[in-house]
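Below is one structure; the comments refer to it alone.
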Amino acid sequence: MEAAELLGCPIVSADSRQLYRGMEIGTAAPSKEDLERIPHFMVGITQPDDTYSAVRYEAEVIPLLEKLFTRYHYVIMEGGSMLYIDAICKGIDLMPDIPSDIRDFLKERQLTEGDKALLAELQLVDNDYFQCVDRCNMKRVLHALEIYYTTGKPYSSFLTATVKERPFRIRKIIIETVRDKLYAFINKRTLSMIEKGWVEEVKKLLPYRYTNALDTIGYKELFLYLDGEIDLEEAIRQIQRKTRLYARKQITWHKRDKECLHYPAEGNGEELLKLLWLKKEW
């Protein structure tokens, strides 16, 4: 936000859950004061029962950026959803829509046959994707099989990895800190969210419980607490642990990107901009 003030530019969120209204506490969405300080886009634009994807995000944000660049020299994009960041920086291959009967069929198979059977099938029909997919992330495994059953083609055949040309230049910055400090911050932030009324927020979202928007860290654990399956202390412990694991995945993801500049979280916006100008010619 300091950098945005110095550049006189807006911020576009690349957080796949800040898109939804009513999830402000659990997604650490910008506060009312933040929104008054800096214009933000792609925050609270839809309801939790809306179907949203990285493909749709690209389709909506690229025209938005083109419009913003007629008014501003710079735009800052921030957020932690890696696929959404790639959707803008690299582009997303267009995927077919999945019929509901195929989605239901595979979910039923997951319940009756188990994850191992679906993993074995993915290896059989799309070994290329099987070799690189996170095999603990069954949502991705199921999606790959959905694509196969819908099109008869392996999911990997849609992943061309062709980087799309954009009508603007891109600079990537990873704001980082040492692992112990990061984990301590995550643990503290989780407690702060609870104190701000996260449980009450989750209660209001009960009608949307089984939507994709709520199938995310924090909300799933607090739903279990409201069901009486775990106590609040255990819910907090699970949220903290899963958030730390997700942070590790983010770090690993960004380490693969050699275009990223790394900047310490203890710095400030002015120093960050100086680093950008020193490292890259704008």
Side-chain angles (χ1 to χ4, degrees), residues 1-5 7-72 74-89 92 139 168 173 175 185-186 188-223 225-226 235 239 242-243 246-247 250 269:
M1 290 189 67
E2 289 178 17
E5 284 182 321
L7 291 173
C9 73
I11 292 174
V12 174
S13 171
D15 187 300
S16 65
R17 294 304 186 267
Q18 287 184 4
L19 292 160
Y20 300 104
R21 288 187 285 273
M23 298 174 60
E24 290 77 18
I25 297 174
T27 65
S31 66
K32 181 182 178 182
E33 291 73 24
D34 293 336
L35 297 174
E36 290 173 351
R37 179 179 167 190
I38 300 290
H40 282 69
F41 295 88
M42 305 309 289
V43 174
I45 63 168
T46 191
Q47 294 291 346
D49 58 351
D50 190 12
T51 301
Y52 216 95
S53 66
V55 173
R56 179 176 167 186
Y57 183 79
E58 178 187 13
E60 294 184 2
V61 171
I62 292 300
L64 169 64
L65 289 173
E66 291 173 351
K67 183 177 179 181
L68 291 174
F69 280 127
T70 65
R71 182 177 176 186
Y72 302 98
Y74 310 98
V75 176
I76 290 179
M77 173 170 280
E78 62 79 27
S81 300
M82 291 84 80
L83 193 58
Y84 279 46
I85 294 168
D86 271 0
I88 303 306
C89 295
I92 293 288
K139 286 176 65 176
F168 46 81
I173 311 103
I175 299 176
F185 173 77
I186 287 170
K188 183 178 179 181
R189 190 184 75 159
T190 303
L191 294 174
S192 175
M193 289 173 164
I194 295 294
E195 291 171 0
K196 288 178 181 178
W198 196 3
V199 174
E200 293 305 313
E201 179 177 90
V202 172
K203 288 179 181 178
K204 294 177 182 177
L205 291 165
L206 278 168
Y208 303 105
R209 175 173 184 170
Y210 297 106
T211 61
N212 185 63
L214 275 299
D215 184 17
T216 191
I217 296 172
Y219 291 93
K220 292 193 292 186
E221 291 72 27
L222 290 176
F223 283 133
Y225 161 65
L226 293 176
I239 293 167
K242 291 178 182 178
T243 307
Y246 184 67
Q250 289 176 314

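Hydrogens, waters and symmetry mates are skipped; everything else that's a heavy atom, side chains included, is used.
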Open item on the list: So, using side-chain contact (heavy atoms from CB on, under 4.5 Å) as the criterion, who are the partners of Val55 when residues are at least two apart?
Closed with: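 side-chain contact (heavy atoms from CB on, under 4.5 Å) list for Val55, sorted by chain: Ser53, Ile92, Leu94.
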TODO: Quick one: list whatever passes side-chain contact (heavy atoms from CB on, under 4.5 Å) with Glu60, sequence neighbours left out.
DONE: Met42, Ile45, Tyr52, Arg56
Between [X] and [Y], what is the shortest heavy-atom contact and its length?
X      : Y      : value
Val43  : Ala29  : CG1-CB, 4.5 Å
Ala247 : Ile186 : CB-CD1, 3.8 Å
Met23  : Leu214 : SD-CD2, 4.1 Å
Ser16  : Ser81  : N-OG, 2.8 Å
Ile38  : Met1   : CG1-CE, 3.8 Å
Pro48  : Ala213 : O-CB, 3.4 Å

Among all residues two or more places apart in sequence or in another chain, which pass the salt bridge (charged side-chain N to carboxylate O under 4.0 Å, His left out) test with [X]?
X      : answer
Lys204 : none
Arg189 : none
Glu2   : none
Glu221 : Lys242

What's the spacing between [X] [atom1] and [Y] [atom2] if we round to 0.5 Å?
X      : Y      : atom1 : atom2 : value
Ile76  : Ile173 : CD1   : CD1   : 7.5 Å
Ile25  : Glu195 : CD1   : CD    : 11.5 Å
Leu205 : Gln47  : CG    : CD    : 9.5 Å
Asn212 : Asp49  : CG    : CG    : 11.5 Å
Leu19  : Arg17  : CG    : CZ    : 8.5 Å

Task: Main-chain N/O of Glu24 paired with Glu201 side-chain donor or acceptor, under 3.5 Å - done: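 Yes.
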Open item on the list: Whether the side chain of Ser192 engages the backbone of Lys188 through a donor-acceptor N/O pair (distance < 3.5 Å, no angle test) should be reported.
Closed with: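 Not confirmed, Ser192 side chain does not pair with Lys188 backbone.
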Open item on the list: Taking ring-ring contact (aromatic ring centres under 6.0 Å, His included) as the definition, give me every residue that meets it alongside Tyr57, ordered by chain and number, with sequence neighbours left out.
Closed with: Tyr84
Open item on the list: Just to verify, what does Tyr219 make a ring-ring contact (aromatic ring centres under 6.0 Å, His included) with, not counting sequence neighbours?
Closed with: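 Tyr219: ring-ring contact (aromatic ring centres under 6.0 Å, His included) contacts with Trp198.
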Mind checking whether [X] and [Y] have side chains closer than 4.5 Å, heavy atoms only?
X      : Y      : result
Ile11  : Phe41  : no
Phe168 : Val75  : no
Leu222 : Val199 : yes
Val202 : Lys220 : no
Pro30  : Gln18  : yes
Ser13  : Glu78  : yes

TODO: Could you please spell out the steps behind the side chain to side chain contact (heavy atoms under 4.5 Å, CB included) verdict for Val61 and Met77?
DONE: CA-CA 10 Å; Val61 171; Met77 173 170 280; 4.0 Å; yes
According to side-chain hydrogen bond (donor to acceptor under 3.5 Å, both in side chains), who are the partners of [X], at least two apart in sequence or on a separate chain?
X     : answer
Glu36 : none
Thr27 : none
Ser31 : Glu33, Asp34

Task: Lys139 atom NZ, over 12 foreign heavy atoms within 6.0 Å - done: yes
Pairs under 3.5 angstrom only: tabulate donor-acceptor contacts from the side chains of residues 62-69 to other protein residues two or more places apart or in another chain.
none

